[in-house]
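To start, the structure under review is shown below, and the notes come after it.
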Amino acid sequence: QTGYQAWLEYHRITPGELVEQYAVYSGIVCTEKDEVIQSAVLELSRGISKMLGKEIGEGRAVIALGTFGGGNELVDRAFGEETRSAVVHEGFAITTDQASGNIVVGASSASGVLYGVFHLLRLFSTHQSVKALDVIENPVNMLRMINQWDNIDGSIERGYAGKSIFFENNRITEDLTRVRDYARLLASSGLNAISINNVNVHQWETKFLTEEYLPDVARVAGVFRSYGIKLFLSVNYASPLEIGGLSTADPLDPAVREWWRVKAAEVYAAIPDFGGFLVKADSENRPGPFTYDRDHADGSNMLAEALKPYGGIVIWRCFVYNCKQDWRDRATDRARAAYDHFKPLDGRFMDNVILQVKNGPMDFQVREPVSPLIGAMETTNQMIEFQITQEYTGQQRHLCYLVPQWKEVLDFETYAKGEGSSIKRIVDGSLHGNRLSGFAAVSNIGNDVNWTGHLLAQANLYGYGRLAWNPELSAEEIAEEWIRMTLGGDEKLVSVVLSMLMHSWSIYEAYTSPLGVGWMVNPDHHYGPNVDGYEYSKWGTYHFADCHGIGVDRTKATGTGYAAQYKGNNYDTYESVENCPDELLLFFHHVPYTHVLHSGQTVIQHIYNTHFEGVERAEQLTAKWASLEGSMGELVHMHVADRLAEQAAHAKEWRDMINTYFFRKSGIEDAMGRKIY
Ligand code: BDP
C-alpha cells in the first residue's frame, strides 16, 4: 500500500500451478552461522512465506544454501568442480535436483549466497518456474557502489524524497531499522558498497573521522556488513587543518602524511573492513592539493598510502573544472576540464586509487555525450559515476526512467584500444586489465515512505544495481522485473507501466532543453525551465543562442577543441556538423536555426515539434496510468497520478518557455501554425 517494501514486497501468489510448484519446500537447510548467510536465510523465509501466505514447512523438498565446502552436504553434493571454479568471489550457482526437487544455492563466499538467494526470490516473485534451475551468475563489476549525498543535519544535497535516513540533528540516527531495510534493498539489487555522506564534506562531517563519531559510523558499517556491503566515507581534503590542528594539508608534507596514516589506523581499528575514502577535491570550492601547487596524483596517493596497509582504497572524483570562469571568454570550455586535468596524470596513481568519472563531461544533463576521459587513461583505475537522483531529470516529480540512458553510455564505443572498447568494458576493468574498477551512482532515496518520492523512481535505484551487476541486461528486462516485483504481475499493469517507463526519458528530453545543449534550468535548485538562467554566469554552462543560431562550437577546427578528446571515428563524427548525431548537435556545434537535421527538419522546427509533442506525450502518461485504477492499492495509484498530473502541467510551462524563447530569438514562425506565446 505504501511502497515501503519496494521490490521486496513479495506479493502473495494466487493459487494455481505456481503455488503448487513453490509450496513443495518444507524448509531451508543451512549450516553456516555467518551473518551474511543468516541475512539470506531470514530473507528467504520471509519472502517465501509472504508469497505463499503461510510459513514455509509443509512440503517434500528443501532449499539448501551455503558456501562450497562450508559444511552443507547438500551444497557440496550439488555442484561439481567445474561449477565451483566457474563461480567467482561474489557469484553463485543455483540448481534444482531432479530426484528430490531440492533447490540448492551454492557460492564461494557468504555474499554470493546472499546474492543467490535474492536471485531465487526474484525468480519466485516474477513467477518463473524453478523446476529445472541451472544458473551460474557472477557480477561483472567488482565495485558496485552507491553514493549518498546526505548531510549530518539530515538534509540531502539534491535529495527529492525527504530527509536522510542516516543522520538527524547532527548525529547518526539511533534507530537503524530503516538503514537495515535500505541495505536489504541495495544487496537485493546486487550492490556491495556505500559511501554514507555527501561528497561536499563540511565542518561537521569532517568530524566523522574523530572518536566523537567513529563508534556510530561503525554501527552503520555493521548493518551494511550483514548484507555484504562495505562502508566508505567521503572525506574533507583539508581534514588535517580542520580537525588535526596542522597548519597545512600539503600532500607532500611529512606531518600531513603521518596524520593521515594515524587517522587510517584509527578508522580501521573501529571498522576493520572499512572500504576507504571518497574524495571531491579542488572542485566547486572544496579544498584540494592545488592550494599547495600539487596535483591530483599527489593528493590521492597520499591518502592511498595511508589506507594501503588495510586494503583500503581511495576513490578520487574527476568532477574538476573552473566554477568561477569568465563567461565572456568563449574559449574556456568546462566540457574539456576533466580530461585536461587528469589525462596527463596517467600512470602516476597508486594501484589502490580509482578515479571516479561522471558519465558525461558536464553534469548529469538529460543528454550529454559520453565522457572522453573514460578509457583514456590506460594505466589508471577508473569507475563511472551515474546520478540516480534526478537533479536535472525532473527531480522525482517527473517520470524519467534512466536505465536506457545508462545503457547507451555503457554500450558506447570509445575506440580506446580500437574496436571493442565499450565503456562497459572499461569500467569492468577488462579492457585495460585494471585491478579495481566499477560503478558508482548518487542515490535517490530519503525517508519518504516509498523511499524515492515518486514511486516509479524506485525503478532507477533497482535498475542501477542490476546494471552494475550485469550491464548486458536490457532496460526492458530490468523494468519488467521491477514492475512485477513491486506492483504485482497483472499483465495489463505490467505492459502499461513498462511502456510508460520505457518512453519516459525521451518524453522528458522532448519538452526540456533541445538537441543536447542542456542547462536551461533554474539556477541553484535546477528544477523547471529558465532559458538564460546559466547563460551569463561563472559555471561554464552556455548555449550561445542569439538571433542567428544556437549551440556550442566544440570542434577542433573552429571551436573549443573538445571534440578532439575523442578517439577514432568518434572524433570524426563529432567534429563534423554533417555527421554529428541530431541529439548532440548543439553540444558540439553552433548552427543557424534553419540548419536541417538528419531527421529532415530544421533545428527550429524540431524544437517546436518536440515541445508540442512532449507535452502531449506527458499527458498520455496520465491517461495510461488512469487506466490502471483498481489494479493496485488505491494510495499508490493516487500518489503516482498526482505526480503525473504535476508533470503534465509543468511540461506545458517548459514547452511555452522554450518555444517562446526560440521564436523571439529566431523570429521564425512554427510551420504548423500552432500558438507560441
Ligand atoms: C552537481 C550538483 C552538486 C554536486 C556536484 C558534484 O549540482 O550539488 O555537489 O554535482 O557532483 O551535479 O560534486
Side-chain angles (χ1 to χ4, degrees), residues 2-4 6 145-173 175-183 185-186 189 191 193-205 208 220 224 231-234 278 280 283-284 286 317 319 356 358-359 363-366 385-402 440-465 508 521-528 639-640 642-643 646-647 650:
T2 62
Y4 182 81
M145 184 170 193
I146 197 98
N147 294 165
Q148 299 300 133
W149 280 3
D150 296 32
N151 301 313
I152 190 80
D153 65 1
S155 63
I156 304 177
E157 178 144 351
R158 312 307 177 186
Y160 311 108
K163 297 279 224 179
S164 174
I165 64 167
F166 293 90
F167 312 120
E168 56 191 350
N169 303 325
N170 297 333
R171 296 298 312 175
I172 292 177
T173 312
D175 177 359
L176 296 179
T177 314
R178 185 124 196 203
V179 171
R180 180 170 296 278
D181 283 336
Y182 187 40
L185 289 175
L186 297 182
S189 71
L191 297 172
I194 185 167
S195 57
I196 57 168
N197 60 312
N198 189 358
V199 286
N200 295 312
V201 186
H202 297 291
Q203 202 187 353
W204 277 94
E205 295 89 2
F208 283 174
V220 177
F224 283 109
L231 184 131
F232 288 67
L233 286 175
S234 296
L278 172 63
K280 172 174 178 175
S283 165
E284 299 186 330
R286 302 314 301 147
R317 297 178 81 232
F319 185 56
Q356 181 167 307
K358 288 193 182 185
N359 64 269
D363 194 10
F364 303 133
Q365 302 300 292
V366 67
E385 177 176 334
F386 292 115
Q387 195 183 43
I388 313 174
T389 194
Q390 291 171 236
E391 177 177 358
Y392 295 99
T393 49
Q395 304 199 350
Q396 283 132 257
R397 308 193 149 269
H398 295 229
L399 180 63
C400 193
Y401 176 53
L402 290 164
V442 186
S443 174
N444 63 348
I445 69 109
N447 70 358
D448 273 8
V449 69
N450 68 11
W451 301 92
T452 51
H454 199 311
L455 179 86
L456 302 186
Q458 282 182 4
N460 286 329
L461 180 62
Y462 177 75
Y464 167 69
Y508 188 78
V521 291
N522 283 302
D524 303 327
H525 60 71
H526 299 161
Y527 189 67
H639 149 80
V640 175
D642 282 352
R643 300 256 157 162
E646 177 180 344
Q647 175 178 359
H650 198 219

**Request:** List the steps and the verdict of side-chain contact (heavy atoms from CB on, under 4.5 Å) for Ile152 and Asn197.
**Result:** CA-CA 8 Å; Ile152 190 80; Asn197 60 312; over 6 Å; no
- Query: Is a side-chain donor or acceptor of Arg178 paired with a backbone partner of Asn447 at a separation under 3.5 angstrom?
  - Reply: yes
Heavy-atom nearest pair, Gln148 first then Ile445, reads NE2-CG1, 4.2 Å
Using only atom types and a distance under 3.5 Å, with no angle test, would you say the side chain of Asn460 pairs donor to acceptor with the backbone of Cys400? yes
Report task. Can you label the angle between the Tyr508 ring and the His398 ring as parallel, tilted or perpendicular, going by 30° and 60°? Result -> perpendicular
Scan side-chain atoms only and decide if Gln356 and Asn147 contain a donor-acceptor pair under the 3.5 Å cut-off.
yes
Heavy-atom closest pair (Glu391 atom, His526 atom, distance to 0.1 Å) is OE2-ND1, 2.7 Å
Hey, is the main chain of Val366 close enough, under 3.5 Å, to the side chain of Thr393 for a donor-acceptor pair?
no
message = If we ignore hydrogens and angles and just use 3.5 Å, is the side chain of Arg643 paired with the main-chain N or O of Leu399 as donor and acceptor?
response = no
Q: Evaluate the side-chain contact (heavy atoms from CB on, under 4.5 Å) criterion for residues Tyr401 and Leu456: first the C-alpha distance (whole Å), next the side-chain angles of each, then the deciding distance (0.1 Å), finally the verdict.
A: CA-CA 8 Å; Tyr401 176 53; Leu456 302 186; over 6 Å; no
Here the pair of heavy atoms bringing Ile388 nearest to Gln396 is O-OE1, 4.3 Å
Practice task
Assert yes or no for the condition that the ring centre distance of His454 to Tyr160 is strictly below 6.0 Å.
Solution key: no
Exercise for the section: Would you mind reporting whether Leu231 and Val220 have side-chain heavy atoms less than 4.5 Å apart? Expected result: yes
- Message: Would you call the rings of Tyr464 and Phe386 parallel, tilted or perpendicular, taking 30° and 60° as the class edges?
- Response: perpendicular
**Report entry** Asn200 and Glu157 side chains, donor-acceptor separation under 3.5 Å
**Finding:** yes
Between the CH2 atom in Trp204 and the CZ atom in Phe167, the distance rounded to the nearest 0.5 Å is 13.0 Å
So, does Asp153 use its side chain to make a donor-acceptor pair with the main chain of Ser155 at under 3.5 Å?
yes
To the nearest 0.5 Å, atom CD1 of Ile146 lies from atom CZ of Phe224 at 9.5 Å
On a heavy-atom basis, the closest approach of Met145 and Leu191 is N-CD2, 4.3 Å
For Arg158, does its backbone N or O pair with a side-chain atom of Thr389 as donor and acceptor, under 3.5 Å?
-> yes
Open item on the list: Test your reading of the model: is there a side-chain donor-acceptor pair from Asn522 to the backbone of Tyr527, 3.5 Å cut-off?
Closed with: yes
Shortest non-hydrogen pair, Arg317 vs Trp149, comes out as NH2-CZ2, 3.8 Å
inquiry  = When you compare the side chain of Arg286 with that of His202, does any pair of heavy atoms fall below 4.5 Å?
reply    = yes
Minimal heavy-atom distance between Ala457 and Asn444, with the atoms involved, is O-ND2, 3.1 Å
Notebook entry, point to check: Does Leu233 offer a backbone N or O that forms a donor-acceptor pair with the side chain of Ser195 under 3.5 Å?
Noted result: no
When rounded to the nearest 0.5 Å, the distance separating CG of Leu185 from CG of Leu461 is 7.0 Å
Rounded to the nearest 0.5 Å, the CG atom of Asn170 sits from the CD atom of Glu205 at a distance of 8.0 Å
| Residues Tyr4, Asn450; criterion side-chain contact (heavy atoms from CB on, under 4.5 Å); working and verdict | CA-CA 5 Å; Tyr4 182 81; Asn450 68 11; over 6 Å; no
Output for pair (Ser164 OG, Asn151 CG), nearest 0.5 Å, gives 8.0 Å
When rounded to the nearest 0.5 Å, the distance separating CH2 of Trp451 from OH of Tyr182 is 8.0 Å
message: One pair to check against side-chain contact (heavy atoms from CB on, under 4.5 Å): Phe319 and Glu385. What are the steps and the verdict?
response: CA-CA 10 Å; Phe319 185 56; Glu385 177 176 334; 5.9 Å; no
